[in-house]
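I have placed the structure first, in the form of structure tokens, so that the comments after it can refer back to it.
Residue indices begin at 1 and follow the sequence shown. Hydrogens, waters and symmetry mates are skipped; everything else that's a heavy atom, side chains included, is used.
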Amino acid sequence: MPRLASASGLLLSFPPETLLLFALSGVVSGTIDAIAGGGGLIALPVLLLGGLDPASAVATNKLQGTLGTATATARFARAGLLDLRAAETWGLAASSFAGSILGALCIAFAPIHVMRVGLPFLLIAVALYFAFGPRMSDIDVTARLSPRAFALCAALPIGFYDGLFGPGAGSFFMIAIVGLAGLGALRAVARTKLLNLASNVASLLVFLAAGTIVWSAGLAMAAGAFVGARIGSALALKHGVGLVKPLLVVVALALALRLMLDSSHPVGAALRALTGASA
């Protein structure tokens, strides 16, 4: 069993095989997250399986997620898909950051149960949009919103959602950037990583202040996420929309299924009651 060594930050000791599991899962989650988001779908269950309580698992996931998105963001910037010198770029990131801080501060007042019930259906709608909606390409089209309007109407509220709840935020950033900012698939992935990085950093600061991060697990998983983010961003750059679009659909559907089958969701509870009754 993990052992609590410090109360000011959670320093827990794990056996080497558990740390290796954290690191390997970080590679997988970082790879997927760099391409389509949703890496937490893998990381969170592994952290819970490793013995972390839910609050510590969420906080620790932000540590590895922040390093993974930072690595992918830097890779896309070096490839010329992000202009880190532009005021517009930092304005959007600042909006996502501010929204995430506000969301994290509002957790105590949020209708989390209502959000948990409705989110899987929203993610299914996102998957259907990417699967059957307007054809996605790597070519930019005319934006429907100005950068300032996008910051206020998309980056800020999605950042707020990420700080408040989190699952699916990368998919929501992606659909907003493609549909409203008019960016092609690769540039949209790059900007999604930047905005997700900003919201992750904001949430991470809140969790750092709360002292709920399990450092040994988080650093092991972050090392894997660093490697995975490099792999995922390289794959995205090589294969473009041919890889991004199907993976977005798969990740959104997998996340929806994972949330819907949880015992706290009405669908999952009904299925458990039905299988229990039939048994």
Side-chain angles (χ1 to χ4, degrees), residues 23-43 64-86 88-90 92-93 96 126-127 129-131 133-143 147 150 154-155 158 168-201 221-255:
L24 292 176
S25 65
V27 174
V28 178
S29 66
T31 301
I32 293 175
D33 206 54
I35 302 170
L41 179 67
I42 296 167
Q64 68 87 23
T66 299
L67 181 59
T69 51
T71 303
T73 300
R75 180 69 180 85
F76 287 125
R78 287 197 301 271
L81 297 172
L82 274 174
D83 184 1
L84 297 181
R85 296 170 297 179
E88 172 191 332
T89 301
W90 293 108
L92 294 175
S96 178
V126 168
Y129 174 86
F130 282 120
R135 182 176 177 273
M136 186 186 294
S137 73
D138 288 325
I139 301 173
D140 295 352
V141 297
T142 303
F150 184 89
I158 297 174
S171 297
F172 300 147
F173 274 128
M174 185 71 180
I175 198 170
I177 292 168
V178 171
L180 300 176
L183 298 189
L186 272 181
R187 290 191 65 208
V189 170
R191 184 164 290 184
T192 292
K193 292 303 102 186
L194 176 67
L195 299 187
N196 220 169
L197 172 62
S199 63
N200 279 345
V201 169
M221 192 169 277
F226 173 79
V227 175
R230 292 179 64 87
I231 295 171
S233 54
L235 288 172
L237 289 168
K238 181 177 181 179
H239 298 286
V241 70
L243 176 64
V244 171
K245 181 176 178 178
L247 197 54
L248 279 167
V249 174
V250 170
V251 168
L253 288 176
L255 185 54

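If you run side-chain contact (heavy atoms from CB on, under 4.5 Å) between Leu235 and each of Val244, Leu247, Ile35, only Ile35 comes through.
Looking at every heavy atom in both residues, Val251 comes nearest to Gly37 through CG1-O, 3.3 Å. Nearest heavy-atom pair across Gly184 and Asp140 is N-OD1, 2.7 Å. Smallest separation of non-hydrogen atoms from Ser171 and Val126: CB-CG1, 4.2 Å. Residues Gln64 and Ser29 share a closest heavy-atom pair of OE1-OG, 3.7 Å. The two residues Leu243 and Ala236 make their nearest non-hydrogen contact at CD2-N, 4.2 Å. For the pair Val241 and Pro246, the tightest heavy-atom approach, listed with the atom from each and the gap, is O-CD, 3.8 Å.
Qualifying side-chain hydrogen bond (donor to acceptor under 3.5 Å, both in side chains) partners for Asp83, counting only residues two or more places apart in sequence or in other chains: none. Under the side-chain hydrogen bond (donor to acceptor under 3.5 Å, both in side chains) criterion, Arg230 pairs with no residue, sequence neighbours left out. Residues forming a side-chain hydrogen bond (donor to acceptor under 3.5 Å, both in side chains) with Asn196 (at least two apart in sequence, or on another chain): Asp162, Ser199. Residues meeting the side-chain hydrogen bond (donor to acceptor under 3.5 Å, both in side chains) test with Ser96, sequence neighbours left out: none. By the side-chain contact (heavy atoms from CB on, under 4.5 Å) test, Ala188 pairs with Met174, Ile177, Val178, Leu183, sequence neighbours left out.
Between Ile158 and Leu195, every side-chain heavy-atom pair lies at or beyond the 4.5 Å cut-off.
In this structure, Ile231 CD1 and Thr31 OG1 are separated by 4.5 Å, a value rounded to the nearest 0.5 Å. Interatomic distance, CG of Leu24 versus CD1 of Ile42, reported as 12.0 Å (0.5 Å rounding). Atom OG in Ser233 sits 11.0 Å away from atom CG in Leu186 (nearest 0.5 Å). Considering CG of Leu84 and CG of Leu194, their distance stands at 7.0 Å, rounded to 0.5 Å.
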Can you list, pair by pair, the side-chain donor-acceptor contacts under 3.5 Å of residues 68-79, counting residues two or more places apart and other chains?
residue, atom, partner, partner atom, Å
Thr69, OG1, Gly65, O, 2.9
Thr69, OG1, Thr66, O, 3.1
Thr71, OG1, Leu67, O, 2.8
Thr73, OG1, Thr69, O, 2.7
Thr73, OG1, Lys193, O, 3.3

